[in-house]
Amino acid sequence: MLDPKYIRANADAVRQGVKNKKMDAAAVDEFLEADELWRKQTTEVDQLKALRNTVSEEISKMKRAGQDASAEITRMREVSDRIKELDVEVKELDERTQRALLLIPNLPSATVPVGDSPEDNPVIREWGTQKTFDFEPVPHWDIATNLGLVDFERGTRMSGSGFICYTGMGARLERALYSWMLDLHTTQHGYKELFPPLLVNRNSMIGTGQLPKFEFDMYRLPDDDLFLIPTAEVPVTNFYREDILDGRELPIRLTGYSSCFRREAGAAGKDTRGLLRVHEFHKVEMVKFTQPETSYAELETLTANAEAVLQGLGLTYRVVVLCTGDMSATSAKTYDLEVWAPGVQQWLEVSSCSNFEDYQARRANIRFRREPGAKPEFVHTLNGSGVALPRTFIAVVENYQQADGSVVVPEVLRPYMGGVEVLEPQK
RNA sequence: GGAGAGGUGGCUGAGUGGUCGAAAGCGGCGGUCUCGAAAACCGUUAUGGCGCAAGUCAUCCAGGGUUCGAAUCCCUGCCUCUCCGCCA
């Protein structure tokens with residue numbers, strides 16, 4: 001969430017930022033209205049409580065001195081009744097402001113280009129060249145089926161459309177990809193590995209910003225009020241929820257592999273064929289907790305860490321910066337990594353690297369002290385995919401396909417594939 | 001799932017319904033001493049809200065209740081631990 005003091009003092013700037021994100025600014029006005037009432041009522045009830053505290057102390061003294069305090073007690077009974085009434089109003093107003101506060105999105109960083117849609121996202125760099133073939137490259141669904149890497153029909157039979165069953169060397173390739181990625185981040189990029197729960201509670205979802213707005217985008221278990229995580233960002237960021245970190249230990253870098261669950265309601269149809277968009281997929285995620293001054297520098301290295309995955313696999317990709325209209329509610333600045341897939345002839349998003357500044361830290365109450373004994377301040381949180389698997393799987397098989405239908409295994413993965421160098425068609 | 005115990009500040013751990021925002025110890029910070037350090041000694045050390053400020057309010061897991069007054073009493077929930085059962 002945003003700093004309430006900042007919203008009070010900069011209402012117009014906040015409204016403009018929300019509008020630039022193509023989101024509804026109604027919550028800003030709702031907050032301002034409820035907040036003003038809340039402050040008024042709070043002041044009144046605080047004064048009554050101060051009176052009650054001093055008189056209660058007097059009553060205590062009188063009783064110990066053996067004096068009659070019944071007049072004061074009668075008087076305080078009325079005061080307490082009034083406090084009770086006001087407390088109810090104050091609590092309702094407090095809930096109103098909190099609800100509104102949770103619905104106000106993060107503001108875009110000043111360096112983010114204003115725009116309406118993905119077409120307005122500037123490409124800021126490209127790595128590698130789009131591979132040329134002396135045959136017609138085929139899409140991954142044909143390759144995967146021909147090589148026995150994925151059984152699309154049986155995945156659907158088990159769970160429905162959008163659920164994937166990897167088979168044989170396909171399953172092994174999937175495992176090789178995330179194992180290699182985790183090893184890269186932990187041994188080369190300084191991340192500590194976490195293997196988090198895939199089910200999280202409501203407070204975790206509020207902490208990273210999926211709730212309260214996006215409850216129905218997620219798979220949930222209402223009997224237990226638990227949610228299947230849409231990304232490891234949720235549990236890994238919430239690792240430090242309610243904590244006060246030692247500023248001398250920042251930045252903290254965590255990485256984790258997890259399954260990710262997304263309902264993608266209404267997305268069926270185009271762009272969902274094969275592995276392009278699925279309900280359950282695997283992803284390696286990177287999360288950073290930093291001091292405010294360094295978060296944008298850390299965003300650059302985070303993005304570079306994600307790029308290192310694609311470079312290691314020899315995949316052509318480009319980096320775009322999301323314009324204001326294409327950003328998530330929680331992010332202040334986001335880079336997307338898009339990998340080239342020659343079979344489907346598309347740039348596929350495989351990573352989103354974001355700086356949330358203190359927006360998530362306020363929600364999740366993650367703070368740090370610069371020095372021992374110093375006042376706690378909010379950290380900045382960042383995260384990025386490093387990277388998402390299904391589309392990376394697509395890019396690998398489509399880029400490394402050969403005329404005979406086989407697929408060359410990228411060198412870095414071979415140690416994880418039992419030394420296999422080429423995936424051959426099944427007999 | 002059954003039975004029991006318990007949730008207090010960075011940690012450990014006291015706390016008769018009324019100077020308790022909370023003893024004590026550890027840890028941290030500052031100082032004395034020392035060439036320096038250790039030890040010892042002295043001091044200091046929760047978080048948040050409102051307010052220009054003085055100040056004031058809230059917080060002893062969470063939410064209700066009793067009371068003039070709740071860390072303390074009652075109810076509910078959550079969590080942790082021990083034992084039993086079940087189980088990958």
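Numbered from 1 within each chain, the chains take letters A, B, ... in sequence-line order. As the structure is a computational prediction, the values presented were derived from the model and not from experiment.
- Distances shorter than 4.0 Å separate some side-chain N or O of A:Ser80 from OP1 or OP2 on B:G69.
- Between the CD atom of A:Glu57 and the C1' atom of B:G21 there is a distance of 14 Å, given to the nearest Å.
- Between A:Arg8 and B:C50, a side-chain N or O to OP1/OP2 separation shorter than 4.0 Å is present.
- The pairing partner recorded for B:C29 is B:G43, the criterion being a Watson-Crick or G-U wobble arrangement whose two distances lie under 3.5 angstrom.
- For A:Tyr166 and A:Phe393, the ring centers are positioned less than 6.0 Å apart.
- Between the side chain of A:Asp35 and the backbone N or O of A:Phe31, no donor-acceptor pair lies under 3.5 Å.
- Across all strands shown, A:Lys63 has heavy atoms under 4.0 Å from base atoms, whether or not it also approaches the sugar-phosphate.
- No contact: A:Lys40 has no heavy atom under 4.0 Å from any strand.
- Using Watson-Crick or G-U wobble geometry with both donor-acceptor distances under 3.5 Å, B:C83 finds its partner in B:G2.
- Taking only side-chain atoms of A:Arg367, from C-beta outward, the nucleotide of B:U47, B:C50, B:G63 with the closest atom is B:U47.
- Side-chain nitrogen and oxygen atoms of A:Lys84 include none within less than 4.0 Å of the OP1 or OP2 phosphate oxygen of B:U67.
- In this structure a side-chain-to-backbone donor-acceptor pair under 3.5 Å is present from A:Thr74 to A:Ser70.
- Counting to the nearest Å, the P atom of B:C57 and the CG atom of A:Asp46 are 8 Å from each other.
- Nearest to the side-chain atoms of A:Asn53 among the listed nucleotides B:G49, B:C57, B:C68 stands B:C57.
- Distance, A:Asp224 CG to B:C79 P: 10 Å, rounded to whole Å.
- The nearest whole Å value for the distance from the CG atom in A:Asp243 to the C1' atom in B:U47 is 14 Å.
- Comparing atom distances between the A:Ala50 side chain and each of B:U56, B:C68, B:U47 picks out B:U56 as nearest.
- With both pairing distances under 3.5 Å, B:G17 is matched to nothing as a Watson-Crick or G-U wobble pair.
- When distances run from any side-chain atom of A:Ile59 to the nucleotides B:G64, B:G49, B:C68, the shortest one goes to B:C68.
- Contact between the side-chain N/O atoms of A:Lys91 and the OP1/OP2 oxygens of B:A58 is not found at any separation under 4.0 Å.
- Considering only side-chain atoms of A:Trp38, the nucleotide from B:G69, B:G18, B:C50 that sits closest is B:C50.
- At distances below 3.5 Å, at least one donor-acceptor pair connects side-chain atoms of A:Asn201 with backbone N or O atoms of A:Ser204.
- The one candidate from A:Leu149, A:Asp142, A:Val408 that meets the side-chain contact (heavy atoms from CB on, under 4.5 Å) condition with A:Val397 is A:Leu149.
- Nucleic acid contact class of A:Thr42 (heavy atoms, under 4.0 Å, all strands): none.
- Between B:C50 and A:Arg39, no contact under 4.0 Å exists linking OP1 or OP2 to a side-chain N or O.
- At whole-Å resolution of the value, CG in A:Asp225 and P in B:G77 are 16 Å apart.
- Comment: A:Arg370 engages A:Glu293 in a salt bridge, judged by a side-chain N to carboxylate O separation of less than 4.0 angstrom.
- Across all strands shown, A:Arg75 has no heavy atoms under 4.0 Å from either base or sugar-phosphate atoms.
- Between A:Ile244 atom CD1 and B:A46 atom C1' there is a gap of 9 Å when expressed in whole angstrom units.
- Atom CG in A:Asp81 sits about 9 Å away from atom P in B:G69, given to the nearest Å.
- A ring-centre distance under 6.0 Å is found for A:Tyr240 and A:Phe289.
- Comparing atom distances between the A:Arg52 side chain and each of B:G48, B:G69, B:G51 picks out B:G69 as nearest.
- Side chain of A:Arg369, nearest nucleotide from B:G63, B:G18, B:G10: B:G10.
- Counting non-hydrogen atoms under 4.0 angstrom, A:Arg370 reaches nothing in the nucleic acid.
- The nearest whole Å value for the distance from the NZ atom in A:Lys49 to the C1' atom in B:G49 is 11 Å.
- Remark: B:U34 base-pairs with no nucleotide in the shown strands. Criterion, Watson-Crick or G-U wobble with two distances under 3.5 Å.
- Base pairing analysis places B:G63 opposite B:C75; the two distances defining the Watson-Crick or G-U wobble pair are each below 3.5 Å.
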